[in-house]
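When reading the values below, keep in mind they use all heavy atoms of this one structure, side chains included, and skip hydrogens, waters and symmetry mates.
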Amino acid sequence: MSQRSTVVKLYKTLLHLGKDYPQGYDFFRSRLKNAFLKNKDVQDPKQLDELIKKGDYIVKELEALYMLKKYRTLKRRYYD
């Protein structure tokens, strides 16, 4: 897969995860857009790979955050 398609896929994944962001979707989307625009001129393949790895790490962290939120909600609902 080309790096461009990987970056687009990462962006779409992060946008989808941003729908449940605690501070709101608009806040998340603007921060995400700024982060991607800041790095739009990067051409070095090694640096692009590092940025993609960082993005994948952020995806995993967001998923963990949402799972923790879901766990705490269920725990509060069923236990005192």
Check the pair K53, D56 against salt bridge (charged side-chain N to carboxylate O under 4.0 Å, His left out), reporting the backbone distance first and the verdict last.
CA-CA 5 Å; K53 285 180 186 177; D56 289 336; over 6 Å; no
Under the side chain to side chain contact (heavy atoms under 4.5 Å, CB included) rule, what do Y79 and L74 come out as? Steps first, then yes or no, please.
CA-CA 8 Å; Y79 301 104; L74 287 172; over 6 Å; no
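Note: the hydrophobic cluster containing V59 does not contain L48 (ILVMFWY, side chain heavy atoms under 4.5 Å, direct or indirect links).
In this pair, F28 and Y21 present their aromatic rings tilted. The plane angle is within the 30 to 60° band.
Interatomic distance, L32 CG to L10 CG, rounded to the nearest 0.5 Å: 8.0 Å. To the nearest 0.5 Å, the span separating CD on E61 from CG on L65 amounts to 8.5 Å. Here the straight-line distance linking atom CG of L51 with atom NZ of K54 works out to 7.0 Å at 0.5 Å rounding. In this structure, NZ on K9 lies 11.5 Å from OG on S2, to the nearest 0.5 angstrom. Between atom CG of residue L68 and atom NZ of residue K75 there is a gap of 10.0 Å, rounded to the nearest 0.5 Å. Between the OH atom in Y71 and the CZ atom in R76 there is a gap of 11.0 Å [rounded to 0.5 Å].
With hydrogens and angles left out, the side-chain atoms of D49 and Q3 include a donor and acceptor closer than 3.5 Å.
Using a 4.5 Å cut-off on side-chain heavy atoms (C-beta onward), D20 and Y25 make no contact.
Side-chain atoms of Y66 come within 3.5 Å of backbone atoms of L17 as a donor-acceptor pair (strictly under, hydrogens ignored).
The shortest non-hydrogen separation linking R29 to L15 is CG-CD2, 3.7 Å.
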